[in-house]
Amino acid sequence: MSTSNGAVALSISGLNKSYGDFEVISNLDLQIQRGSIHGLVGLNGSGKTTTLECILGLQSFNSGSITILDKQPSDLHLARGRIVGIFDTPSLHPNLTVRQCLQHARLLCDEPTRTSEQVEQLLGIDRFKDFKIRHLSLGNKRRASIAQALLGSPELIVLDEPFSGLDAEGVDDVLQLITHLNRAEGTAFLLSSHQLPYLEQICSHIAILHKGSIAVSDAIAELLKSTGTEILLRTPQADAAITSIDGIATAQYSHTDESDYLHVQLGAMDSAELNRRLVADAIAVSEMILQRGSLGKLFREITHEVAP
Amino acid sequence: MNGLLTAMKCEVFVALRTFSSKLIVLTPALVVLFQFLLLRMTEAGQSARDNLLGNNSFEDVVANNAYGYFVDGLSTGLTMLGLLMVAQASYSFSFDRDTGAARHLLIRRVSRSSLITAKLIHLHILASLSVLLLIAVSYLMSELFWDFGAIVEDGFELIGENEIRAEIAAGLRLALIPLPAAIGFGIFISVCAQSATQAVTTALGITLAIDIFKTMLGDIAYYLYASFQPSLIDQSYLQDVSRLVRGYSDVLNAERVLELNTWVPLPTLVLFFIATLWLLKRKKM
């Protein structure tokens, strides 16, 4: 990770935040690079929204420092639209129409890069343009909320639960949009979500927030590499298979579950090599299931949840 | 004051496209219009009866003078406007916070102090428009139904037109001076409250409570801006003007009260504004 200030979009150091005696965020450190898509995940109540609100200057914090595009959270308005926040609850005026909301948001842009019509089409809400916000479904409110952000050229977009309330098509649209903005315009994203598969799909980096501080934060490829791959084997020669596996340095037998699957952790060795060795030892394999490392698995490991 | 102009533009943009701001501007004038129509209908019947009976007294001279009705119209309209402005001021910021609309402004272009200043200015513009419309409607309706002129009884002028106009101007000025403080109070409550509903009920509740209990407060009441506003239990100078312009000479104006009317509300507004800014800096948005 580069530590040059020019490359850092967001830097949080030693952040602490308490509500009375209850410590929500404890000594949180996080760095987000310009042009990256950074996912922030955590259990309910782990402090994700509070962290985002502190970053965006919407609430104060007890100690620590936050620098966002070289600005302090309390001076975020000086960034003049280079930072945008989109929240779980769509922050729109309920008595305005979609088009009026977008025109309203244009007043906040120094140089709007897209017209209201363009962002309506981009988000698929052009047919609702004359609907008042209060008459829209939650998904379309969220689309309108994201549309507002796209009128200017933000360098960093902070999204809290961007996929909640969206249908499958809406999720695809948002995923495509985030990827497109990131690649075409270099927009950095900080996404807070419980939808781990979606984050795994688009994020370049992931930070896992647990008990108020960052448990891990790295490039997603590095994190998934560390979780390793697991193979589930079913064989009538279980004992022989375990002996054979014990002879392989990069594979490790873990346990046998109640369905008689042997759980084998794979290191650098790929599954084809394990398969070759079992065949060479004349061990009949009736079933072989490959379980790659996933964000969900890593998340559960860190938060001590039991995998289903 | 970063982003004050942007915040103002946003306020005006929303005001032009939503109903609540229009309601503030139009309601006092419409209420007064309705009041005048009712009064005229009632008076037409009374006048016909008096003519038939041959009654003609000082009361008729007073009854036909438009200045008295004009001041009554202003008094009714300003009472309504005072309550509306407190309600709207307490609603405006808390509603934007409830919906999250304020967050967009704060993150993208506008500082907290600019946001609240823009709201304060916007509410003053609304109040000014409402007062102008109220004066116009009151004047036109009074002229339509009655005649403006001096109060003359048995050839003796009790009060001349110039004097009447001067008294009305003074009454109007003294009645308007507390209005900014009422707006400041509403905004202060708006920032204190947890929700828009809580803000409006609290602000109106306190305003009505002051109105009811001000008579029990004695001289202390004169240090409350609300004591000088035209209200349901009206002790404002405009109430006295209503009698003065009708030729009654039993109005006693304590100079000290008029001075307090002039000097208490504006510092109160400043205090509310400073307290609002202080609180807003610490408030979760």
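Letters go in sequence order (proteins before strands), and every chain restarts at 1.
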Taking all non-hydrogen atoms of both residues into account, name the closest pair between [X] and [Y] and its distance.
| X | Y | answer |
| --- | --- | --- |
| A/His77 | B/Leu106 | CB-O, 3.7 Å |
| A/Ser91 | B/Gly100 | CB-O, 3.0 Å |
| B/Arg112 | A/Gly57 | NH2-O, 3.0 Å |
| A/Cys109 | B/Arg109 | C-NH1, 3.9 Å |
| B/His104 | A/Gln148 | NE2-OE1, 2.6 Å |

Any residues in residues 126-142 of chain A near chain B, with a heavy-atom distance under 4.5 Å, and which are they?
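From residues 126-142 of chain A, none sit under 4.5 Å of chain B.
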
Measuring from atom [atom1] of [X] to atom [atom2] of [Y], what distance do you get when rounded to the nearest 0.5 angstrom?
| X | Y | atom1 | atom2 | result |
| --- | --- | --- | --- | --- |
| B/Met285 | A/Ser60 | CE | OG | 12.5 Å |
| B/Arg108 | A/Leu107 | CZ | CG | 10.5 Å |
| B/Arg103 | A/Leu92 | CZ | CG | 12.5 Å |

Toward chain A, the part of [X] with a non-hydrogen atom under 4.5 Å:
| X | result |
| --- | --- |
| B/Lys283 | backbone |
| B/Thr6 | side chain |
| B/Asp96 | side chain |
| B/Phe95 | side chain |

Can you check side chain to side chain contact (heavy atoms under 4.5 Å, CB included) on B/Ile107 and A/Val84, steps first, answer last?
CA-CA 7 Å; B/Ile107 293 169; A/Val84 170; 5.6 Å; no

